[in-house]
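One structure below.
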Amino acid sequence: MDPATRDFLRRRFSAYYASTGVDLPPAAESREWGYIPWTAGGTTMVRHKALVDLGDVGTFLADEAPRHVYFSAAEYRAPGAGTMDEKGWLAADLVFDLDGDHLDGVDESTPYPEMLERCKGALVRLVDLLTDDLGFSNDDLQVVFSGGRGYHVHVREESVRTLDSTARREVVDYLRAIDLDIDGLVRTETRRGTTRRMLKTEGGWGARTHRRLLAFVDELAAMDEADATARLMELDGIGEKRARTILGAFETTPEAVRTGNLEAGGPGVRTLVESLAREVVADETAPIDEPVTTDLRRLIRFPGSLHGGTGLVVRRLPVAGIESFDPLVDAVAEPFTDREIRVEVTEPGPVQMEGDSFRVEEGVVSVRECVGVFLLARGRAEVVQS
């Protein structure tokens with residue numbers, strides 16, 4: 001990025017902060033703060049700052065207009081101390097990070113809007129796991145669009161704030177179903193001298209697998225016998241004979257299936273459940289970034305700040321508003337929507353912003369400022385000096 005472009009972006013970031021208030025996180029005075037200024041290279045982190053070092057955050061941001069702004073998930077006795085040992089760790093929010101470019105099937109060729117939409121799908125799965133399986137309420141969660149490639153979820157419920165790294169890694173392993181033992185989804189019961197294997201339907205991955213089983217049974221029930229048999233035979237380990245046995249069990253002992261009794265239908269049903277469990281893991285896990293959650297001293301983006309790689313706002317959003325949230329509309333900085341600027345495009349291609357999709361060609365073009373800031377911050381254009 002050339003010096004003129006860096007200077008332009010710094011001045012426009014300053015204007016944004018001068019016109020926009022910021023909300024501090026809980027216990028802001030006990031957190032470490034850090035930022036990256038608009039220096040050549042753009043990677044020099046200034047950290048080990050306490051709130052008292054920055055002064056009024058709004059004034060600091062308007063004056064310094066950093067490229068990126070961070071605060072610590074942790075709280076400390078002395079957050080401005082120069083070493084981690086001297087800070088005196090007290091507690092830390094449980095933080096989850098979802099990056100669109102870490103998702104399966106996403107690579108450099110994936111359009112930015114598509115990557116963001118797929119990452120929002122992963123966010124929905126994560127929130128579902130946190131609320132349904134781990135028991136957090138929507139009020140326990142703060143969801144934040146990172147301004148760049150994905151989303152952060154902060155959990156500040158008191159019971160999790162003193163968890164150590166090992167316990168946090170166990171949370172990650174559960175949410176990602178790392179080394180999930182399929183046999184562990186089953187319990188053995190003995191009734192009247194008869195032993196039977198039952199899916200654990202009370203919660204967790206057992207309940208999720210059971211829901212998938214019930215949906216699959218309903219799917220088969222809507223088919224004729226030939227189609228249902230063919231559908232079952234698509235699954236590993238199920239041939240025609242076993243498929244017919246399974247269908248017979250579903251027809252003659254429907255209640256057993258609905259209670260998770262894996263003895264109904266014999267080995268075929270158990271094979272079916274194992275296959276469905278693998279599907280559930282593939283479809284419903286949350287691909288969170290493990291080091292972010294397990295690092296007790298992690299710095300995370302400050303909501304309300306601007307992302308120096310896109311010019312978009314690091315935006316909080318309510319859990320109930322996830323589905324309707326469009327980052328390329330709802331995270332556009334309002335001060336960048338009122339005028340046009342001229343930029344020299346060096347990397348032509350598609351752009352989507354504020355509900356519009358279009359293509360920018362190489363050379364000098366006039367575009368809305370939010371588009372121009374996005375192209376400049378992404379390294380796809382340089383500012384045109386008047």
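Computed from a prediction, not measured in an experiment: that's the story for all the values here.
Side chains of E32 and M84 form a contact here, defined as non-hydrogen atoms less than 4.5 Å apart. Side-chain contact between F96 and V292: absent, with no pair of heavy atoms (C-beta onward) separated by less than 4.5 Å. Residues V57 and L51 are in side-chain contact: their nearest non-hydrogen atoms beyond the backbone lie under 4.5 Å apart. Side-chain contact check for L296 versus R168: some heavy-atom pair is nearer than 4.5 Å.
In summary, R244 and E240 engage in a salt bridge, as defined by a charged side-chain N under 4.0 Å from a carboxylate O. Under 4.0 Å is where a charged nitrogen must lie from a carboxylate oxygen, and between R368 and D356 at least one such pair does. Salt-bridge annotation for D173 and R169: absent, with no side-chain N of the basic residue lying under 4.0 Å from a carboxylate O of the acidic one.
Taking the six-membered ring where the residue is Trp, F71 and F302 present perpendicular rings, their angle passing 60° and hence far from 30°.
E334 meets the salt bridge (Lys or Arg N to Asp or Glu O under 4.0 Å) test with no other residue; sequence neighbours excluded. Listed by chain and number, the residues in a salt bridge (Lys or Arg N to Asp or Glu O under 4.0 Å) with D164 amount to none (sequence neighbours excluded). Remark: R197 pairs with no residue by the side-chain hydrogen bond (donor to acceptor under 3.5 Å, both in side chains) rule, at least two apart or across chains.
Across every non-hydrogen atom of V373 and I341, the tightest pair is N-CD1, 4.4 Å.
Between the side chain of S275 and the backbone N or O of T271, no donor-acceptor pair lies under 3.5 Å. Side-chain atoms of W205 do not come within 3.5 Å of backbone N or O of A177 as any donor-acceptor pair. Without hydrogens or angle criteria, W38 side chain to A65 main chain gives a donor-acceptor distance under 3.5 Å. Remark: the backbone N or O of A73 is paired with a side-chain donor or acceptor of R31 at under 3.5 angstrom.
Open room surrounds CG on D236; 12 or fewer heavy atoms of other groups in view lie less than 6.0 Å from it. D104 CG: 12 or fewer foreign heavy atoms inside a 6.0 Å radius.
Both cation-pi conditions hold for R378 and Y112: the charged atom is under 6.0 angstrom from the six-membered ring centre and inside a 45 degree cone around its axis.
With hydrogens and angles left out, the side-chain atoms of S137 and D139 include no donor and acceptor closer than 3.5 Å.
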